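Notes follow once the structure below has been shown.
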Number of protein chains: 2
Amino acid sequence: MAKKIPHRLYLTEEQMPKQWYNLRADMKEQPDPLLNPATLKPVTAEDLYPVFCEELARQELDSTTRYIDIPEEIQEFYKMYRPSPLIRAYNLEKALQTPAKIYFKFEGNNTSGSHKLNSAIAQVYYAKKQGLKGLTTETGAGQWGTALAEACAYYKLPLTVFMVKVSYEQKPFRKTVMQTFGAEIIPSPSNTTIIGKEILKNDPETTGSLGCAISEAVEKAVSTPGYRYVLGSVLNQVLLHQSIIGLEAKTAMEMLDEYPDIVIGCAGGGSNLGGLIAPFMQDKLTGKASPRIIAVEPASCPSFTRGKYAYDFCDTGKVTPLARMYTLGSSFIPSANHAGGLRYHGMSPILSKLYHDGYMEAVAVEQTKVFEAAVFFAKQETILPAPESAHAIRVAIDEAIKCRETGEEKTILFGLTGTGYFDMTAYNAYLSGTMTDYIPSDEDLQKGFDLLPKVDI
Amino acid sequence: MAKKIPHRLYLTEEQMPKQWYNLRADMKEQPDPLLNPATLKPVTAEDLYPVFCEELARQELDSTTRYIDIPEEIQEFYKMYRPSPLIRAYNLEKALQTPAKIYFKFEGNNTSGSHKLNSAIAQVYYAKKQGLKGLTTETGAGQWGTALAEACAYYKLPLTVFMVKVSYEQKPFRKTVMQTFGAEIIPSPSNTTIIGKEILKNDPETTGSLGCAISEAVEKAVSTPGYRYVLGSVLNQVLLHQSIIGLEAKTAMEMLDEYPDIVIGCAGGGSNLGGLIAPFMQDKLTGKASPRIIAVEPASCPSFTRGKYAYDFCDTGKVTPLARMYTLGSSFIPSANHAGGLRYHGMSPILSKLYHDGYMEAVAVEQTKVFEAAVFFAKQETILPAPESAHAIRVAIDEAIKCRETGEEKTILFGLTGTGYFDMTAYNAYLSGTMTDYIPSDEDLQKGFDLLPKVDI
């Protein structure tokens, strides 16, 4: 008899992961190392200490420890909002008339509204433990800034957030949420940093970008005694912390005697995707299973599908180490009509390497198609998804429709990273028919590629 | 050895209630009946059929059936977002240095952002089953409208929402959420109804009230073939559906060998409070236990603490039956500086009767104190509460502080009805110091009392 599959499966506290999983330990070939842009030599942990908290710098460079203990304090914090549910999308399946089984891991049931809290609390814990006086970061759509503000409020650690100016102006409520948790919010570029002043001098009308905001946040961190910089995506340490998503999902699926044929996640810098796929990618790397793994990115910011696999700066101001990744060039600024997050010019080096080596696929989707999927999903499953998450929904729906056509009973798992409560302007644009799509031309992209740093690989 | 209490306890699907609990069946004295305002005779179910769906009209008047089966389709829908967690507020306890044990039942983890979905889906189910063509309702803060829009989208039933004009203008995003689910939203008072036109003629600058919006929604329902009116609070049927909150909470507490000494809920029309307290009030009515039960209302709309227990209209336009309840008079409009919901002039007749008979207490709190509690809570428990819910938080904190002073290890349970994502304007006012308190004068209240209908009791 088929096992009865509940709508929502929550692990018990005892079943929750007590270790994060470090995907690098199972990669046959490692991602290329971060390079010091002055010397073009691989950075050491010590090189990173002025910018990053020490334990996080070590995690960043640790490619061998397969499992890393989650400190008990972080485990306790996780229990405040985790485990997140694995949800069987029965109604979506029915509406699509698909034989596919659709599951999603829903990370939106916490105030930050997304999975970002998983890494935020870890980073703040290590910062507090090191005795730091404060943190800086950047935020675009605002999910990371909110998550970090929550974590900093919990540990009573001051936080300055550089918020991409266009978001600061379009999303005043995101700012208020972060302020409610006690964070200081500065629109970026700002005249509070040297790099910000320079960017404003060259382009007084700029609406900002994640790359600019990173430059400002790093400058503020290294110039303020006892401060360090933290980042919510791209980095190896972030993927490590986010592995809790995939570990919980895999345990829950095992309890249901299920295993995904396809795992789908949205990709901006890779934090959610890297976390969700981690244990399934492990199976693939170790030959235990061979699920299809699909990254979904916006057609307006297509780093995987149209970027170069090259060394590049992680920021616009060129103050960070160089990372080898799929990139559109650190000068790339996505079209202003692009809604939501997933606006970053680069991509996690780990995911870039796995994609380069053929372990994953990538698809770029246009935003009107994404919102169409979001609204359809909301009506079936009653969850209003974040625009970022809706990228994954789009492709999950497309794959389920293919199953309807072929009759295949595939098991699909996707990551629903968050809720869209702070994205109603974008929903309104979609509903009123004023939302447009934007696909950068090859010429536009070439301008970014021309400015890539020259590094022999 | 003390039982290990998890941070969050979710019942399994099997443990979820399969029946609602009808509190009236255990009340020694019944609430006074609804009266036909023309005849002053008790209304019959048939009297209500032109306005309400038939099954809901029967539930409204059923004071004897103790348990009512939850139809299987509704049970299935509940499984999409329920059970809601019972959460032990460990961090709040620690921050308050209280020996009290603080629990809360969190209903905010669904897209409507509140408990309102519990009754919305039930009402839409019965409407669909009756073959109705559409529904009308009103919404103030927007939680009820959102919940009903979700439920109507699920059942593909057209919905028209009359949204109190001040909310419509201050909360454009609430409107967009409801539109995402396919609802039609009309700011009230509007010129789409006779009563709306009349109200606008008398006061063209009015910002509207729940009472006005109810009148318009009822008029639209009775004048549109196949349409009926639904309401998210006050009514007996709503308290019945919302009993799932208390039933789940009680089962979860039993699993932990716990029983509350104090149960606290916010009160506007009484939907959350009536649902949360239902099984605990049953224990009190039947002599099994004697928890303190506290209703918390805004000082600016103090129906329990300063209202009259009298027959009154449920709406401003005087188109509804008369209900005996604690009321400020159907002409009462709360101060424009009042944030969030809990703006209704009256109160659930069931809760009014229980309060009148001494089974519950009531406290009125000022909104700056409410937001102070909200921000404090958010920093400890990482959940950004709705302003409505924060009324309960305020009193839970106050009771926990009393325990710190007396050393008593009381068990406190409160209802956290929803999240504050759509209330950031109010949070911003609080954080920036521009939020003020308003307490109506006795003279102001007397004006409302003078207009109460004359009914011999």
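If you're wondering where the values come from, they're calculated on a predicted model, not measured in any experiment. Just so it is clear: chains get the letters A, B, ... in the order the sequence lines come, proteins before strands, and each one is counted from 1. Values reported hereafter were calculated over all heavy atoms of this structure, with side chains retained and with hydrogens, waters and symmetry mates removed.
Among the candidates Ile87(B), Val177(B), Asn110(B), the residue making the largest number of heavy-atom pairs closer than 4.5 Å to chain A is Val177(B). Options Met80(B), Glu150(B), Arg174(B) differ in how many heavy-atom pairs under 4.5 Å they form with chain A, and the most are formed by Met80(B). In terms of heavy-atom pairs under 4.5 angstrom with chain A, the leader among Tyr10(B), Phe77(B), Tyr81(B), Phe371(B) is Tyr10(B). Annotation: maximal heavy-atom pairing with chain A below 4.5 Å, among Leu9(B), Ile383(B), Val375(B), occurs at Ile383(B). Among Phe106(A), Tyr430(A), Tyr154(A), Tyr427(A), the residue making the largest number of heavy-atom pairs under 4.5 Å with chain B is Tyr154(A). Ranked by heavy-atom pairs shorter than 4.5 Å toward chain B, the options Arg88(A), Glu76(A), Gln380(A), Arg8(A) are led by Arg8(A).
When all heavy atoms of Thr180(B) and Leu384(A) are compared, the closest pair comes out as CG2-CD1, 3.7 Å. Of all the heavy atoms in Lys79(B) and His7(A), the pair that sits closest is O-CB, 3.2 Å. Lys379(A) approaches Gly182(B) most closely through the heavy-atom pair CE-N, 4.3 Å.
Of the atoms belonging to Gln179(B), heavy atoms from both backbone and side chain fall under 4.5 Å from chain A. With a 4.5 Å cut-off on non-hydrogen atoms, Ser432(A) does not touch chain B at all. No part of Thr12(B) comes within reach of chain A, as not one of its non-hydrogen atoms sits under 4.5 angstrom from that chain. For chain B, the nearby part of Asn91(A) is the side chain; its heavy atoms alone come within less than 4.5 Å.
The number of heavy atoms from other shown groups lying within 6.0 Å of NZ (Lys128(B)) is above 12. In this structure, Glu254(A) places its CD atom where more than 12 heavy-atom neighbours from other residues, nucleotides or ligands lie under 6.0 Å away. Residue Lys18(B) places its NZ atom among more than 12 non-hydrogen atoms of other residues, nucleotides or ligands, all under 6.0 Å distant.
Ring pair Tyr421(B)/Phe422(A) is perpendicular by interplanar angle, where above 60° counts as perpendicular and below 30° as parallel.
Separating the OG1 atom in Thr176(B) from the CG atom in Asp423(A) is a distance of 11.5 Å, to the nearest 0.5 Å.
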